[in-house]
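Accompanying notes for the structure given below.
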Amino acid sequence: MTTVATKPRGSLRARLGGYDQTYPVLAITVLLALAGGLTTANFLSTGNFASILSLSAAFGILAIGQAIVILGKGLDLSVAGIGLGCAQATLAFIDRGMPEWQAIALMTALALAIGLVNGVLVALFEVPALFVTLATGMLAIGGIDILFLTENVYGVPPASFLAELSGGSVFGVPRPVLIAGAVFLLAWLFVSFTSPGRLIRAMGDNFATARSTGAPVRPLQILTYVLSALLAALAGFVTVSL
């Protein structure tokens, strides 16, 4: 009696040849764009796409910072508070006569400090990241509002660095889009080709194994939160005149 071996069916993902979430997201995006083009005049125009990309650039920068934290098996909910708070405070200081570079440097230092607080509390004191980053994000935007802001809206000086950063274009490509693209490229190079980036990825795959091999997991955790906070500040600067 002979038996015929049957090939195991395996998981759905294996049968589909390695399911990738990128494709359904891309398909949904294309469908939404087509729906917008059919229902809204000039939706598919170059100018409208440039506007959408410019408005999305800051969210892309925030997402890159969040992705670095998630790669290290963390979570950062403070990025919105850091970005909005630092951008508003920078404009407030400029409005009061502080040199622009000093205002930017001061708020960048504040973002770095918040990132350090997040990282230290999560990595060294093992406080859940959900509670830490939610609290620091709310404290950042609320504290800046109380301590530094006297108006709801501040104007951007027309000939300032911030105006150039968040406005204009290079060869027809909006400058915020180019900045987001540069940040994405640098982040990819960091996590793919540097020792800290590779260790962060290893830490996210298996925290205990990474620690047992001697990887400095706690300093790396702190680094991810610092990078996320700095990118959040940059995202805020990019949005000031959009």
Side-chain angles (χ1 to χ4, degrees), residues 21 57-90 104-148 179-238:
Q21 294 179 349
F59 292 102
I61 296 172
L62 288 176
I64 293 167
Q66 187 70 257
I68 292 174
V69 175
I70 292 174
L71 281 176
K73 216 166 189 177
L75 178 69
D76 191 356
L77 301 181
S78 66
V79 290
I82 294 172
L84 293 174
C86 289
Q88 282 189 307
T90 300
I104 294 174
L106 181 62
M107 287 300 102
T108 302
L110 177 61
L112 188 149
I114 296 173
L116 278 174
V117 170
N118 287 339
V120 168
L121 290 177
V122 172
L124 301 184
F125 293 93
E126 298 185 353
V127 182
L130 174 67
F131 303 131
V132 170
T133 57
L134 181 61
T136 54
M138 296 178 67
L139 286 173
I141 194 167
I144 287 173
D145 187 16
I146 294 172
L147 296 175
F148 303 135
I179 295 171
V183 171
F184 176 85
L185 176 61
L186 291 174
W188 174 71
L189 292 173
F190 171 73
V191 300
S192 300
F193 298 105
T194 68
S195 295
R198 290 173 175 171
L199 288 174
I200 288 171
R201 292 168 58 190
M203 182 175 68
D205 289 337
N206 194 313
F207 191 90
T209 301
R211 178 158 42 185
S212 66
T213 60
V217 292
R218 299 192 187 279
L220 288 172
Q221 275 186 302
I222 296 174
L223 176 62
T224 61
Y225 286 99
V226 169
L227 291 175
S228 178
L230 292 175
L231 289 176
L234 174 61
F237 296 147
V238 166

How long is the span from the [atom1] atom in [X] to the [atom2] atom in [Y], to the nearest 0.5 Å?
{"X": "I68", "Y": "I64", "atom1": "CD1", "atom2": "CD1", "value": "7.5 Å"}
{"X": "L186", "Y": "L227", "atom1": "CG", "atom2": "CG", "value": "11.0 Å"}
{"X": "I144", "Y": "L84", "atom1": "CD1", "atom2": "CG", "value": "9.5 Å"}

Going by heavy atoms in the side chains, are [X] and [Y] under 4.5 Å from each other?
{"X": "Q66", "Y": "L75", "result": "yes"}
{"X": "I179", "Y": "I61", "result": "yes"}
{"X": "C86", "Y": "T108", "result": "no"}
{"X": "Q88", "Y": "F148", "result": "no"}
{"X": "L189", "Y": "T194", "result": "no"}
{"X": "L116", "Y": "L112", "result": "yes"}
{"X": "I82", "Y": "S228", "result": "no"}
{"X": "V69", "Y": "T133", "result": "no"}

CZ of F207: more than 12 outside heavy atoms within 6.0 angstrom?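 Yes, enclosed.
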
Please assess I114 against L110 for the test side chain to side chain contact (heavy atoms under 4.5 Å, CB included), listing each intermediate value before the final yes or no. CA-CA 6 Å; I114 296 173; L110 177 61; 4.2 Å; yes

Give the minimum heavy-atom separation between [X] and [Y], together with the two atoms involved.
{"X": "A233", "Y": "A111", "result": "CB-CB, 3.7 Å"}
{"X": "A129", "Y": "Y225", "result": "CB-OH, 3.3 Å"}
{"X": "L231", "Y": "V183", "result": "CD2-CG1, 3.7 Å"}
{"X": "V79", "Y": "D76", "result": "CG1-OD2, 3.7 Å"}
{"X": "N118", "Y": "S78", "result": "ND2-OG, 3.1 Å"}
{"X": "E126", "Y": "R218", "result": "OE2-NH2, 3.2 Å"}

Going by the side-chain contact (heavy atoms from CB on, under 4.5 Å) test, name the single residue among V132, L130, V117, T224 that passes it with V122.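 Result: among V132, L130, V117, T224, V132 is the only option passing the side-chain contact (heavy atoms from CB on, under 4.5 Å) with V122.
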
If a pair satisfies salt bridge (charged side-chain N to carboxylate O under 4.0 Å, His left out) and one of its residues is in residues 188-213, list it, with sequence neighbours excluded.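 Residue pairs passing salt bridge (charged side-chain N to carboxylate O under 4.0 Å, His left out), neighbours aside: none found.
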
So which pairs with a foot in residues 179-190 pass salt bridge (charged side-chain N to carboxylate O under 4.0 Å, His left out), sequence neighbours left out?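 Passing the test, one end in residues 179-190: no pairs.
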
Taking ring pair (Phe, Tyr, Trp, His ring centres under 6.0 Å) as the definition, give me every residue that meets it alongside F125, ordered by chain and number, with sequence neighbours left out.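 Not a single residue meets the ring pair (Phe, Tyr, Trp, His ring centres under 6.0 Å) criterion with F125.
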
Check the pair I200 / F190 against side chain to side chain contact (heavy atoms under 4.5 Å, CB included), numbers first and verdict last. CA-CA 10 Å; I200 288 171; F190 171 73; 3.9 Å; yes

